[in-house]
Participant: 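Before I ask anything, here is the structure I am working with.
Quick note on labels: first sequence line is chain A, next is B, and so on, each numbered from 1.
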Amino acid sequence: MNIYSWTFYPQFLFLVYFFLINSIYTILMILAFFEFKKQYARSFIDDYPYLYKSKLTPGISILIPAYNEQSTIIDTARSLLSIRYPNFEIIVINDGSTDNTAGELIREFNLKKIYHAFHTKIKTKKIKNYYISISEPRLIVIDKVNGGKADSLNAGINTANYPYFISIDADVLLEEDAMLKVMKPLLENPKKNVVAGGIVRVINGCLIEKGKLKEVRLSRRPLPIFQVVEYLRAFTAGRAGFQRLKSLIIVSGAFSVFNIGEVRQVRGYDRKSIGEDMELIVRLHKNLKNLKKDYNFLYRAYPVCWTEVPENLKILGRQRNRWHRGLIDTLIKHKNMISNPRYGMVGMFGLPFFLYFEFLGPIIEIIGYLSIIYILISQTIDIQFFLLFLGLAVLWSSILSLFTILLEDIYFKRYKKWYYLVVLTVFSLFENFGYRHLTLIFRIKGFIDYLRKKKSWGEMRRTGFS
Amino acid sequence: MLFNFNAIYIIDLFLIGIIALIILLVFLRRMFSYPYHLLYRKRKNLYTSIINNLNSLYSRDDKYEGSYRTGKKILDIKSHVNRIAFEEVITKKINSAANPSEREFFIKAYENSGIIDWRIRQLKYSGIWKRRISADKLGKSYSDKAIACLTLALRDEDEDVRLIAVRALGKLKVESAIEYILSLIKDFSDIRCPNITDILIDYGEKAVPYIEKILGNCDSKTCYWILRALSEMDLKTPSDPGLAAIYISLEETLRNLISNKDEGVRAYSLIPLAKLFKIRKSAIREIGTAEELNSLKELEMISGFLNDKSEIVRINAVTAISIIPDYRASNYLLNALSDDCWEVNYKASRLLIKLFFKYRNEEVKKEVARNLSHPKNIVRKRCREILENIKLIEDYGLDHNEYI
C-alpha cells in the first residue's frame with residue numbers, strides 16, 4: 001500500500017481512531033485502578049455506624065418511579081424501608097400503571113389519601129392522589145397520570161421534603177449500608193459535592209431471601225454473564241476513570257444521589273429526553289459551570305445496588321437501543337458544550353469522548369468491518385497481516401476486560417468462588433467474539449430509530465427477584 | 001504498508017503475554033492468599049469458641065484471673081494472622097458485651113494478648129495507613145492503656161490519624177481530651193469537622209464547660225462547629241450549681257453571637273439559646289414568679305430572625321421558636337408559613353402540628369383553618385396539609401412524634 005492509493009487515508013484514519021480509543025480506555029482503566037485503591041484504603045477507616053448515629057446526617061428522599069411494577073414494588077419498598085439510614089422518606093410514584101401497582105401498595109401498606117403541599121416549579125402531569133401509609137409513616141405514594149420516568153421523578157422532586165434525593169428503580173436491591181456509603185462524600189463536603197453515584201451490579205443468578213441478597217452467584221445463562229463483565233468494565237472501572245478526570249457525565253439512573261436544590265434550579269429532569277439521567281447530569285454541569293461554581297460529581301465503587309439485567313436478546317436489544325438513543329439525544333441537546341473550554345474537562349474530554357467513541361463508534365466500527373470485507377475481497381491486503389491486526393484488536397480489548405476482573409478481585413471480591421472467577425475470565429476473553437458485535441447492532445439500530453424519531457422506551461419485562 | 005508485519009507480530013505476542021500475566025495474577029493472588037484466608041477463618045472460629053468457653057466457664061468475680069491461667073497459652077498470640085483474627089473476634093465481643101463485667105473481661109483478655117501493645121507500637125512508629133488502622137482498632141478496644149497513646153496521636157501529622165484518635169477518645173469519653181479536641185477544629189479541613197461535632201455531641205453536658213470557656217473568643221469556623229454540636233446536644237436542667245452558672249454565662253455569650261456577621265454562627269446560636277431559655281424557664285417554674293415565666297420577650301427576640309436574609313437562619317429560627325415552652329409560639333410559626341423558602345414553610349408546618357399535639361390547643365387549629373383563605377398560595381397549601389395531617393393522626397390514633 002502506498003500513500004498515493006485512495007484507500008491509504010481512510011485506513012490511516014481508522015488506525016488512528018483504533019489506537020486512540022483503546023489508549024483512552026487503557027488510561028481510564030489505569031486511573032480506575034488508582035481510584036479504587038484510594039477508595040479501598042478509605043473503606044477501612046470510614047466509620048459507617050458512626051455516620052448512622054450522627055445527628056448531622058441530613059435527610060434523604062428516596063424516589064421510586066413505578067410503571068406496571070406490581071410484581072416487584074412491594075419487595076422493593078419493603079427492602080428500602082429497612083435500609084440503614086437515620087432519616088429518610090420513600091416516595092413511590094405510580095406513573096399511571098395499567099396493572100395493580102397502586103392497589104398492591106394501598107393494600108400492603110394501609111395507605112390513606114391525604115393532601116400534600118408540593119412545589120410547582122417543575123411542571124408534571126396531573127397528580128391524581130397523594131397517599132400516606134398508616135403503618136409506615138416514612139412512605140408516601142403519588143398516584144399520577146402517565147408521563148414517563150422523567151415526569152415521575154419530577155413529581156417526586158416536587159414532593160420531596162429533604163435536601164437530597166436518590167432515584168432508585170423499582171426493580172433493584174440495595175445493600176444494607178449502601179445509602180450511608182453513597183451519601184458519605186456528599187456529607188463530607190455538601191457545598192462542593194453535588195451528585196454521587198454508586199455502582200450497579202448484576203443480580204441475575206444470585207441467591208435472594210426475603211428481599212435481601214444472601215449470596216452472590218453468577219447466572220447460568222451466558223447473556224447475563226457477558227453483562228457482568230461489561231458492567232465491570234464500562235460502568236465500574238470506566239466511570240471511576242471519568243471521575244478522576246473530572247468529566248463524569250453518566251451516573252447510574254438506578255442508584256445516584258442528587259442535591260435537590262441544584263436539581264430544582266435546573267427544573268428537574270427533561271420530560272422529553274430519552275436518556276433523562278445522563279441529560280440531567282450534563283445540564284447540571286452546564287448550569288454549575290455557567291454559574292462558575294466549584295463543584296464535584298462523584299462516583300463511588302463501594303455502595304452497591306443490584307439490578308436485574310435482560311436475559312434474552314430481544315430485551316437486551318431494546319435496552320441498548322434506548323441507551324444509545326438517550327446518548328445521541330443528550331449530545332445533540334448540549335452540542336454547544338462539546339469541545340467548549342468554558343465547560344472544562346466535561347466539555348473538552350467527557351462529551352467529545354462520548355461523541356466520537358460512543359456515539360460515532362458503532363458507525364465507524366461498521367464502516368471498518370465493511371472495508372475489511374472489501375479489502376479481503378479485493379485482495380489489497382495480506383491475509384496474514386489482516387489476521388495479526390485483528391488479533392491485536394481482540395487482544396487489546398480482552399486485556400481491558402481482564403484487567404477489570406483483576407480489579408474486581410483485588411478490591412471488591414464479590415465473586416468468592418473459584419468457579420466464578422474462571423467463568424468471568426473466560427467470558428472476558430470471549431466478549432469480543434459475538435457479544436460485542438451484538439451490542440454494536442443494537443446501537444446501530446438505536447441510531448436508526450433516533451433518526452426515525454422513535455421516542456418509546458420499549459417494554460422491559462422483569463421476572464422479579466423471588 | 002502502514003505497519004511493519006513483524007512489528008504487529010511482536011505487539012500481538014506482547015499482548016498475549018500481558019493477558020497471560022493478568023490471568024496468572026488473578027489466580028496466583030487467590031492461590032497465595034487462600035491459605036491465609038483459610039487460616040484466618042479457622043483461627044477466627046477457634047478464638048470465638050475459646051472466648052465463649054472462657055467466659056461461660058468462669059462466672060465468678062475472679063473469672064478473668066482463672067481464665068487467663070487456663071488460656072495463657074492460647075492467648076499468647078504472635079503471628080500476624082492470629083493477631084488479626086483474635087482482634088476481630090475480641091472487638092466484636094467487647095462491643096456486644098451484655099454487661100460491664102463481661103466487657104471488662106474481654107478488655108483484659110485483649111490487653112493480655114499483647115495485641116494492644118503491638119497496636120500502640122504501630123501507632124507510634126509505622127507508616128500512615130498502619131497508624132490510621134491502629135488508631136481505629138485502639139479506639140474500639142476500650143482499653144485504658146490506649147488512652148495515653150491516642151491522646152498523643154492527636155498531635156499526629158496526618159489529619160486522618162488525628163481524626164480517628166479524636167473519634168476513639170470520644171468513644172471512650174475521655175474528658176481530658178475535650179479541650180484539645182476543641183482546639184483541633186480550626187486546623188481540620190471542613191470535611192472532617194462534622195466528625196468532631198458528632199464527638200462533642202456524644203460527650204454531651206460534659207463538654208459544655210469547655211465549650212463555654214472558648215466560645216466567646218474563638219475563630220468563626222470553630223464557633224460554627226461548636227454551635228452545631230450545642231444545637232444537637234440534649235441539654236437538661238442542671239442539678240449542679242456550678243453547671244447552672246456556666247449555663248447562665250453561656251446564654252450571655254449566645255445572645256452576643258446571634259448578631260454575628262457569619263450566617264452559620266447566627267443560625268446555630270439560635271437553637272442552643274432557645275434550649276437555654278427553656279431550661280431557665282423550667283427552673284423558674286419551680287421558684288420564680290408568673291412574670292418571669294412569661295416567654296413573650298424571648299419569642300419576640302427569636303422571631304425577629306424570621307426576617308433574616310439567610311435561609312438557614314430562618315429555618316433555625318423556626319426550630320428555636322418551637323423549642324420555647326410557650327403556646328403562643330404557634331402564632332409565629334403561622335407567620336413563617338408565608339416564607340418563600342420551601343424548607344422554612346415546611347419546617348414551620350411540621351412544628352405547628354407538633355405544637356398542636358403538645359398543647360392540645362384548639363385555637364391553633366382554628367387559626368390554621370382561618371388561613372385557608374390566605375392570599376398566599378403556599379400558606380393555603382400548608383394550612384390544608386396541616387389540618388389533614390392532624391385529622392389523620394387523630395382518626396387513626398397515631399403517635400405524632402413518630403408520624404411527623
Side-chain angles (χ1 to χ4, degrees), chain A residues 1-2 8 11-12 15 41-42 44-45 47 50-51 53-57 110 112-121 132 134 137 161 163 185 187-193 261 264 381-382 384-385 388-389 391-392 394-396 398-399 402-403 405-406 408-410 418 421-422 424-425 429, chain B residues 1-3 5 8-9 11-12 14-16 18-19 22-23 25-27 29-30 34 129 132-133 135-136 160 163-164 167 171 189-192 194-195 197-198 201-202 228-229 231-233 342-343 345-346 349-350 377-378 381-382 384-385 387-389 391-392 395-396 398-399 402-404:
Chain A
M1 196 188 299
N2 65 60
F8 175 81
Q11 279 185 56
F12 179 74
L15 283 174
R42 280 226 71 90
F44 285 104
I45 53 165
D47 201 348
Y50 215 86
L51 194 65
K53 279 191 279 173
S54 170
K55 289 187 174 173
L56 304 184
T57 307
N110 195 6
K112 301 290 166 209
K113 221 182 270 183
I114 196 165
Y115 176 81
H116 192 93
F118 58 92
H119 262 278
T120 45
K121 244 186 179 178
I132 195 133
I134 297 297
N161 294 311
L187 305 179
E188 282 181 342
N189 202 342
K191 282 181 191 160
K192 206 172 164 186
N193 299 341
R264 279 182 182 148
I381 196 166
D382 177 30
Q384 251 186 322
F385 177 82
L388 277 175
F389 193 81
L392 188 140
V394 170
L395 290 170
W396 200 338
S398 300
I399 285 174
L402 269 174
F403 189 64
I405 305 293
L406 180 66
E408 156 69 29
D409 201 49
I410 295 174
W418 283 78
L421 200 62
V422 174
L424 285 176
T425 308
L429 286 173
Chain B
M1 200 161 298
L2 276 173
F3 282 97
F5 182 88
I8 295 205
Y9 188 68
I11 294 171
D12 273 0
F14 175 69
L15 294 181
I16 289 171
I18 291 180
I19 287 182
I22 295 175
I23 294 175
L25 265 174
V26 170
F27 289 98
R29 267 194 77 259
R30 278 237 172 160
Y34 185 71
W129 279 107
R132 286 175 184 172
I133 292 169
D136 188 43
D160 276 322
L163 176 71
I164 296 165
R167 219 189 256 169
K171 215 178 258 176
S189 57
D190 277 341
I191 60 169
R192 305 275 178 261
N195 285 280
T197 304
D198 275 326
I201 297 168
D202 276 355
R228 286 208 68 175
S231 302
E232 298 293 342
M233 267 183 206
W342 185 261
E343 281 75 18
N345 60 56
Y346 169 70
S349 73
R350 300 277 108 174
N377 189 19
I378 186 65
K381 275 186 186 178
R382 286 294 183 207
R384 193 177 157 196
E385 189 185 59
L387 291 173
E388 289 213 10
N389 274 295
K391 191 172 178 298
L392 192 83
D395 286 353
Y396 292 96
L398 304 173
D399 176 2
E402 197 186 312
Y403 177 74
I404 298 297

Participant: Does any backbone or side-chain atom of B:N345 lie under 4.5 Å from a heavy atom of chain A? Answer side chain, backbone, both or neither.
Facilitator: neither
Participant: Does B:Y9, at its OH atom, have more than 12 non-hydrogen atoms belonging to other residues, nucleotides or ligands within less than 6.0 Å?
Facilitator: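 Result for OH/B:Y9: open.
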Participant: May I ask you to establish whether A:R42 and B:W129 are in a cation-pi arrangement, using a distance under 6.0 Å from NZ or CZ to the six-membered ring centre and at most 45° from the ring axis?
Facilitator: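 No, A:R42 and B:W129 do not form such a contact.
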Participant: Quick one: do B:I18 and A:F403 satisfy side chain to side chain contact (heavy atoms under 4.5 Å, CB included)? Show the steps, please.
Facilitator: CA-CA 10 Å; B:I18 291 180; A:F403 189 64; over 6 Å; no
Participant: Can you say whether A:I132 sits under 4.5 Å from chain B via the side chain, the backbone, both, or neither, judging by heavy atoms?
Facilitator: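 When you check distances to chain B, only side chain atoms of A:I132 fall under 4.5 Å.
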Participant: Any salt bridge between B:K381 and B:E385, counting N to O under 4.0 Å?
Facilitator: no
Participant: So which residue, B:I378, B:L392, B:D198, B:N377, ends up with the most heavy-atom pairs under 4.5 Å with chain A?
Facilitator: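 Top count of heavy-atom pairs under 4.5 Å with chain A: B:D198.
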Participant: Give, as side chain, backbone, both or neither, the part of A:V422 having an atom under 4.5 angstrom from any heavy atom of chain B.
Facilitator: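 The answer is both parts of A:V422.
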Participant: Quick one: pull up CG in A:N161 and CD in B:E343 and give me the separation to the nearest 0.5 Å.
Facilitator: 9.0 Å
Participant: Measuring heavy-atom distances to chain A, does B:R30 have an atom under 4.5 Å in its side chain, in its backbone, in both, or in neither?
Facilitator: both
Participant: Can a donor-acceptor pair be found, under 3.5 Å and without considering hydrogens, that links the side chain of B:D12 to the backbone of A:L392?
Facilitator: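 A pair under 3.5 Å: yes.
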Participant: Are the side chain of B:T197 and the backbone of B:A229 linked by a donor-acceptor contact shorter than 3.5 Å?
Facilitator: no
Participant: Please classify the contact of B:F27 with chain A as side chain, backbone, both or neither, using a heavy-atom distance under 4.5 Å.
Facilitator: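 When you check distances to chain A, atoms from both the backbone and side chain of B:F27 fall under 4.5 Å.
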Participant: Is chain A contacted by the side chain of B:L387, its backbone, both, or neither, given a heavy-atom distance below 4.5 Å?
Facilitator: neither
Participant: Let's test your reading of the structure: which of B:D202, B:V26, B:I16 forms the most heavy-atom pairs below 4.5 Å with chain A?
Facilitator: B:V26
Participant: When heavy-atom pairs shorter than 4.5 Å are enumerated against chain A, which of B:R167, B:R132, B:K391 gives the highest number?
Facilitator: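 Maximum pair count with chain A is reached by B:R167.
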Participant: Measure distances from B:I23 to the heavy atoms of chain A and classify the residue's part below 4.5 Å as side chain, backbone, both or neither.
Facilitator: side chain
Participant: What part of A:E408 gets within 4.5 angstrom of chain B, counting heavy atoms only: side chain, backbone, both, or neither?
Facilitator: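 Contact with chain B is absent: no heavy atom of A:E408 under 4.5 Å.
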Participant: For residues A:F118 and B:W342, report the shortest heavy-atom separation together with the two atoms involved.
Facilitator: C-CH2, 3.1 Å
Participant: Non-hydrogen atoms of chain A under 4.5 Å away: do they reach the side chain of B:I164, the backbone, both or neither?
Facilitator: side chain
Participant: Under 4.5 Å heavy-atom distance to chain B, tell me which part of A:K112 shows up: side chain, backbone, both or neither.
Facilitator: side chain
Participant: State which residue, out of A:I405, A:L402, A:T425, fulfils the side chain to side chain contact (heavy atoms under 4.5 Å, CB included) condition with B:I22.
Facilitator: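 That would be A:L402; it is the only one of A:I405, A:L402, A:T425 passing the side chain to side chain contact (heavy atoms under 4.5 Å, CB included) with B:I22.
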Participant: At a heavy-atom distance under 4.5 Å, which candidate from A:V394, A:L187, A:N189, A:D409 has the highest pair count against chain B?
Facilitator: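 Among A:V394, A:L187, A:N189, A:D409, the one with the most close pairs to chain B is A:D409.
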Participant: Please classify the contact of B:D160 with chain A as side chain, backbone, both or neither, using a heavy-atom distance under 4.5 Å.
Facilitator: side chain
Participant: List the atom of B:S349, the atom of B:Y346, and the distance in Å for their closest heavy-atom pair.
Facilitator: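 So the minimum-distance heavy-atom pair works out to OG-O, 2.7 Å.
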Participant: Highest number of heavy-atom pairs under 4.5 Å with chain B: which of A:S398, A:A41, A:P163?
Facilitator: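 Option with the top pair count is A:A41.
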